[in-house]
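Scroll down for the structure; my scribbles are underneath it.
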Amino acid sequence: MRRILGILLIPAIAGCGWMIFFWVPAEASMGIVQKIMYIHVPSVMVAYFSFFIAFISSVGYLWKRKEGFDIVACSTVEIGVIFCGIAIVTGSIWARPTWNTYWSWDPRLTTALILFLIFVGYILLRRFTTYGEQQARLSAVIAIVGCLDIPLIHMSVVWWRTLHQPSTILSTQKNVIDRPLAIMLWISVFTMALLFAYLLSMRIELEQKTRAYLKQIANIY
Amino acid sequence: MRRILGILLIPAIAGCGWMIFFWVPAEASMGIVQKIMYIHVPSVMVAYFSFFIAFISSVGYLWKRKEGFDIVACSTVEIGVIFCGIAIVTGSIWARPTWNTYWSWDPRLTTALILFLIFVGYILLRRFTTYGEQQARLSAVIAIVGCLDIPLIHMSVVWWRTLHQPSTILSTQKNVIDRPLAIMLWISVFTMALLFAYLLSMRIELEQKTRAYLKQIANIY
Amino acid sequence: MVSDIWTILAKDIKLDFRSMENFFSMLFFSIIILLIFAFALPADTHDHKTLAPGIFWVTFLLSGMLSLNKSFQMEKENGSMEALLVSPTSRGAIFLGKMAGNTVFIMIIQAMLIPLFSLLFINTAISHFGELLLLSLISTIGFTAIGTLLSGLTTDLRFKDILLPILLFPLLVPLLLASVKITQGILWSQGFQSELDWVKLLIGFDLMFLIISYLTFDFVMEI
Amino acid sequence: MVSDIWTILAKDIKLDFRSMENFFSMLFFSIIILLIFAFALPADTHDHKTLAPGIFWVTFLLSGMLSLNKSFQMEKENGSMEALLVSPTSRGAIFLGKMAGNTVFIMIIQAMLIPLFSLLFINTAISHFGELLLLSLISTIGFTAIGTLLSGLTTDLRFKDILLPILLFPLLVPLLLASVKITQGILWSQGFQSELDWVKLLIGFDLMFLIISYLTFDFVMEI
């Protein structure tokens with residue numbers, strides 16, 4: 001199953017990259033920089049999706065107490081944090097020519113940054129605790145609290161910003177996107193989702209092996 | 001000795017109070033509020049003097065390791081903090097009609113406030129530790145560090161303020177004081193010094209008794 | 001249930017105020033933080049006016065975090081946590097009792113901090129004492145709801161000093177923003193009414209995390 | 001003597017960076033503090049310009065304090081403090097080694113914080129990277145001189161979380177004021193030259209507390 005994913009990935013990424021640079025026309029007002037959107041937007045979506053999976057499996061862990069849930073949760077959070085980081089960095093790069101500054105407190109970027117910090121906290125918590133039932137329990141609680149906070153964070157960040165100055169900025173993203181650009185966006189989202197699935201399955205397998213190893217060690221002593 | 005001090009104190013305070021309100025004329029530009037200076041200035045001087053004693057006896061303790069030094073240090077700090085507090089409050093009251101605000105970042109008041117906080121820290125440190133050789137050692141270190149910091153604090157606070165706005169304020173304190181006002185100030189300083197000596201000797205005796213009691217308890221168990 | 005909560009609350013308050021050191025050290029910590037802001041930030045009154053709400057709430061967050069730190073410390077140190085956990089007291093009652101204790105403690109600090117804040121930064125604040133205290137209460141409930149949960153979560157861990165703020169502060173962003181905005185409303189314009197949306201957000205935050213923390217505290221406190 | 005200092009320094013650095021968690025948690029803590037300021041204080045660029053130096057140094061104080069907290073924690077936890085104290089290593093060497101360790105740790109954090117600070121608050125800061133880092137070094141020496149002394153002093157005590165900032169921050173007022181002023185000089189005008197008096201004060205502060213802390217550390221570390 002994973003092998004198939006892996007084989008699919010190579011042409012998908014190659015094709016997607018080719019299309020971004022050679023097939024899709026450059027956006028009229030932005031020029032070449034706009035192409036970074038084909039990484040930014042899918043990364044954001046994948047990051048949110050992976051935190052959503054973490055939420056579900058954390059609830060699942062606390063309910064059913066199956067270790068599998070914990071493995072999925074911790075794997076998906078790590079990948080989600082990486083994609084969230086990519087989203088923030090690409091967002092900043094995109095902000096540079098658009099708003100003439102690398103960081104502009106755009107509500108979406110800000111929300112992504114806060115989410116990034118929350119789930120970095122999750123990872124640090126796991127690092128500071130040792131493998132065991134307690135680790136799984138505590139980090140599940142953090143994942144649940146963190147995910148439920150997302151709507152509130154987003155809402156407050158949007159309001160905070162808009163009360164400062166009317167967001168003329170957002171409108172540039174909402175205007176009608178040309179047809180090939182929209183298609184391209186969906187293709188890149190699909191590719192990124194494939195990549196996510198591949199990475200997640202790898203990470204889960206790694207986690208399973210690590211834990212089996214830790215259990216072995218624990219049995220020896 | 002202390003009884004004599006006590007007997008001297010009653011007429012001294014009474015006389016000083018009478019002189020402040022009935023003998024000395026009200027200052028020309030300030031009016032009645034200026035009289036608070038007869039409490040403020042002596043309090044400041046007594047506070048600084050007591051922190052100086054605390055410094056000397058802390059050095060003495062670390063050098064000679066005689067418990068007497070520690071008793072003097074902890075007693076004089078407590079009294080110094082009280083006088084420092086009085087100085088800050090009276091200074092603020094004086095600031096109200098003068099600068100039309102209770103707190104104005106006048107360099108002297110600010111220095112007094114920081115000193116107050118440092119030696120409140122000293123007292124809290126003593127409270128959080130239990131009676132013993134360690135308590136004496138650690139608090140002696142704090143007293144030494146705190147006292148040596150005073151000149152730097154004062155210098156930085158003066159510069160900080162004057163760079164913000166030229167200190168027209170200070171000049172009001174430095175102008176020529178009328179002769180009876182100056183005499184009155186010295187009388188009140190003298191009275192406050194008497195009060196300080198009396199309080200200190202009381203506090204030291206109390207401390208000695210407390211420690212003797214603590215030692216007794218320690219011997220029982 | 002209610003009597004359990006009450007017992008824990010009464011015990012915590014008694015301990016907090018029997019050793020007044022605890023209370024005074026927290027108060028002086030808050031004063032020192034306010035002072036540091038006064039030193040570090042520009043001093044003219046116009047600036048203070050715009051900065052004041054932010055300074056007030058950052059001080060709140062920092063001193064509140066230290067209060068949380070000591071929340072389960074007493075039980076931990078003398079090993080009475082296990083006794084409490086195996087006792088018939090439900091986890092929910094422990095949570096609500098602890099949370100109420102933290103809330104009372106922080107509220108008393110806030111009540112003393114508002115006049116001081118008014119003195120150092122913005123003289124008009126004291127005339128809004130009641131409104132600011134009410135706002136403090138609403139914010140404190142949300143703060144202690146998450147805070148007590150996370151403080152219980154981190155007590156066992158090695159680097160809890162650093163882990164608690166890292167976990168806590170990002171979660172509190174909505175609370176911080178709402179509180180700052182409402183304070184601006186109180187100090188500059190018509191009070192609560194002008195920032196009604198933020199008040200709703202804050203109350204929603206309180207309710208949501210009160211429920212979530214209450215429900216998940218069971219899992220945090222398993223032996 | 002020098003080799004003793006080096007041994008302790010090398011050991012501390014190795015431990016700090018073998019467990020990168022420690023370093024990362026401190027870095028993220030600093031980022032979170034910067035972010036909280038960005039949220040709590042007014043956002044227009046003009047204000048940020050006047051506020052930036054203060055925000056930078058308050059963040060420095062807060063994260064520096066947390067770094068100090070963990071300074072003697074390792075030794076305390078596994079009981080190796082006694083072993084270190086009865087070993088032939090002089091107290092002075094322990095102090096200097098620990099202090100150097102804290103300084104290196106804080107400096108690395110600062111080196112990463114300056115670009116971030118520039119990004120979030122004042123874009124021109126990054127072009128003064130060298131000057132700001134040099135200033136950070138000078139301030140950090142004074143900070144860790146007192147900080148290491150007080151951190152050693154409070155490790156044994158019960159409420160050290162709260163006692164350390166209460167004792168430390170008032171003593172650091174001259175350092176804070178000087179650093180803020182010099183940063184203003186760097187960011188707004190001709191660099192160090194414009195605030196030469198403050199630079200002298202800062203260096204005087206460093207030297208004085210280096211000597212005092214070195215001399216009094218003996219008394220703090222008696223068994």
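All chains are named by letter (A, B, ...) in the order of the sequence lines, taking the proteins before the strands, and each is independently numbered beginning at 1. What you see is a predicted model; the values in this text were computed from it and never measured. These values consider heavy atoms only, across backbone and side chains, with no hydrogens, waters or symmetry-generated copies.
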Answer yes or no: are there more than 12 heavy-atom neighbours, outside [X] itself, under 6.0 Å from its atom [atom1]?
X       : atom1 : result
Y131(B) : OH    : yes
F129(D) : CZ    : yes
F219(D) : CZ    : yes
R203(B) : CZ    : yes
K215(B) : NZ    : yes

For [X] and [Y], which heavy atoms make the closest approach, and how far apart are they?
X       : Y       : value
P170(D) : I153(B) : O-CD1, 4.2 Å
W160(B) : K181(D) : CD1-CE, 3.7 Å
L201(D) : S156(B) : CD2-CB, 3.7 Å
M208(D) : L148(B) : CE-O, 2.9 Å

Out of [options], return the one with the most heavy atom pairs under 4.5 angstrom to chain B.
options                            : value
L171(D), T216(D), D156(D), L163(D) : L171(D)
I166(D), L177(D), L176(D), V180(D) : L177(D)
D218(D), I212(D), I162(D)          : I212(D)

Could you give the distance from CG (L167(D)) to CG (L125(B)), rounded to the nearest 0.5 Å?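 Result: 5.5 Å between the selected atoms.
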
Can you tell me how far apart CG (D197(D)) and CE (M155(B)) are? Round to the nearest 0.5 Å.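 Separation between the atoms: 9.5 Å.
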
Under a 4.5 Å cut-off applied to non-hydrogen side-chain atoms, are T110(B) and V173(D) in contact?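 No - every pair of side-chain heavy atoms lies 4.5 Å or more apart.
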
If you define the side chain from C-beta out and look only at heavy atoms, does anything of F205(D) sit under 4.5 Å from D149(B)?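 F205(D) vs D149(B): side chains touch.
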
Interface moiety of R65(B) toward chain D, non-hydrogen atoms closer than 4.5 Å: side chain

Name the region of V145(B), side chain, backbone, both or neither, that has any atom closer than 4.5 Å to a heavy atom of chain D.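 For V145(B), backbone and side chain are both near chain D.
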
Sorted by chain and number, sequence neighbours left out, ring-ring contact (aromatic ring centres under 6.0 Å, His included) with F95(D) holds for F217(D)

Structural part of L150(D) lying under 4.5 Å from a heavy atom of chain B: side chain

Residue part contacting chain B, namely of L168(D), when any heavy atom lies under 4.5 Å: neither

Leading residue by heavy atom contact count with chain D [cutoff under 4.5 Å; candidates I144(B), I150(B), L124(B), L152(B)]: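 Maximum pair count with chain D is reached by L152(B).
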
